[in-house]
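Working notes, beginning with the structure itself.
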Amino acid sequence: MNLIEDLRWRGLIAQSTDETALIDALKKPLTLYIGFDPTAASLHVGSLVVLLVLRRFQLAGHNPIALVGGATGLVGDPSGRNDERTLNSSEVVEGWVEGIRKQVAAFLDFDTPVNPAVVVNNLDWTAPLSAIEFLRDIGKHFSVNQMLSKESVSARLDAGGISYTEFSYQVLQSYDFLELYRRNNCTLQLGGSDQWGNIVAGLDLIRRVESGSAHALTVPLLAKSDGSKFGKTAGGSIWLDPTMTSPYAFFQFWLNSEDKDVVNFLKIFSFKSHEEISVLEESHNLNPGLREAHRALAQELTTMVHGADATIRVENAARALFGQGDLAELDETTLANALAELPRTVISKDQEFPTWVELLAATGVVDSKSAARRVIKDGGAYLNNEKVASEEFVLTKSSFLCGKYAVLRKGKRDLAAVELI
RNA sequence: GGCGGGUUGCCCGAGCGGCCAAUGGGAGGGGACUGUAAAUCCCCCGGCUCUGCCUUCGAAGGUUCAAAUCCUUCACCCGCCA
């Protein structure tokens, strides 16, 4: 099975330029790139889809380039949006570029002698360019008629307009491809399916300027089986940065995948063999309640992103906190380790203990005291796994397990720790 | 530059002087059932010092006992015309 067939099996191919030619080109190692724009301080699980495809190409012997969009991030991609982006200051974007550069690097191999990965920043070749050079050398090759017909632009024209800045985005991205074609002989660009227009514009530019030919391959934008956005939860996006999404929450995100999605997710994200995935699929169909596939997915991804140690810690924590057993029976070490993975609030022995409402709000499991009251009224507030339905309830020293810890829970799975010092 | 239409809570979208913290839908939250799933059903969904009070309906002023609703100015968006 060749790489393209494997990607197809995984559901990772949306569109490509002439597939026969692409398969042919892939018989020899080629150089390919994917761009990531710094639109936040961290990548999220959605970016992981395409990043892992890049990794698959490297594993198959090709030369991967990860491009961080220090330039394009300053401009803003109109693709997939129906309103203009708010521009971020260059200092902010610069900071994000650094963070994302590190994240991307973690998934690629830079030490292999044959096809080491490369990370580049498009600001390096865009910044020195003067406006006149840009217009004469690059802009001249673009037809506004074609630019207007791009989905990303026409959608915006219908939705209320687009600035000249974002309109120019496709030109910048095309120039990136041209530049990488020249510098690295890069002949394939990967991206989310919303990037098709931008990528193809790059192919045109390469053809016009260098009479060269290159390829495009896009990955479907991942949606859940119910059509909703992948990678968003009530708490917001699932980020790769552990300070933005804790490894605990990250693990739980995968473990809580819907049944209908889990096998697809394994195909998309996992580096297990087809056979291993089939085994998990069978187990899942036979006894979904066991959630073996969910667990395998959560373990593999958490290990990939946060490391094996973190995965073990986080899984043990979940086992302790979700265990059927009485929390009071846990020994202090187990409890302390489990709680270390949760958001924590510290209260002092000397101060007056807060009321139940105040405590719930303080830990952040609810957004406000009003919300805390609502949850209490609805019977969704738990202390050490026991429902507490009184707003006036105040913890006492005996509420603290091992004399130190209290476990707050809202609903089934929203937990926080309180430590007494 | 002229004329007309618009700006409502996380999103869409009603309301068009008091009965409005503001209809409805979606998203979200809790409960029941389950498997830390889905579907379904019930409840909730601005904040607080919570039988009351405070802050919201683009912004600032004004009219009125009373304004999201009327008037004025400003900002932005969308049309049509120049």
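So you know, we letter chains A, B, ... as the sequences are listed, proteins then strands, and number each from 1. Please read these numbers as outputs of a predicted model, since none were measured by experiment.
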(message) What is the distance, to the nearest angstrom, from the CZ atom on A:R291 to the C1' atom on B:rU34?
(response) 11 Å

(message) Between A:R295 and A:G379, which residue's closest nucleotide on RNA chain B lies nearer the 5′ terminus?
(response) A:G379

(message) Is there a side-chain contact between A:R413 and the phosphate of B:rG29, meaning an N or O under 4.0 Å from OP1 or OP2?
(response) no

(request) Using only side-chain N and O atoms of A:Y382, determine if any of them is under 4.0 Å from OP1 or OP2 of B:rU36. (result) no

(request) Establish, from distance only, whether the side-chain atoms of A:T311 and A:Q299 form a donor-acceptor pair under 3.5 Å. (result) no

(request) Mark up nucleotides 41-48 of chain B, 5' to 3', with B wherever a protein heavy atom is under 4.0 angstrom from a base atom, S wherever such an atom reaches only the sugar-phosphate, and - elsewhere. (result) ---SS-SB

(request) Would you sketch RNA chain B in dot-bracket for me? Only Watson-Crick or G-U wobble pairs with both distances under 3.5 Å count, crossing pairs as [ ], other-strand pairs as |, the rest as dots. (result) ((((((((.[[[..)..(.....]]].(((((.......))))).(((...)))...[[[[[..)....]]]]]))))))).

(message) Under a 3.5 Å threshold, yes or no: a donor from one side chain and an acceptor from the other, between A:Y33 and A:N63?
(response) no

(message) Checking A:T72 against A:N122: is there a side-chain donor and acceptor pair closer than 3.5 Å?
(response) yes

(message) Distance check needed: B:rG29 P versus A:L415 CG, whole Å only.
(response) 15 Å

(message) For A:S42 and A:Q103, which I'm curious about, is there any donor-acceptor pair between the side chains at under 3.5 Å?
(response) yes

(message) So that I know where these two stand, are A:W254 and A:F269 an aromatic pair - ring centroids less than 6.0 Å apart?
(response) yes

(request) Measure distances between side-chain N and O atoms of A:D414 and base N and O atoms of B:rG29, and say whether any donor-acceptor pair falls under 3.5 Å. (result) no

(request) Could you check whether A:G289 gets within reach of a base, just the sugar-phosphate, or nothing at all, counting any heavy atom under 4.0 Å? (result) base

(message) Please enumerate all residues that pass side-chain hydrogen bond (donor to acceptor under 3.5 Å, both in side chains) together with A:S370, with sequence neighbours excluded.
(response) none

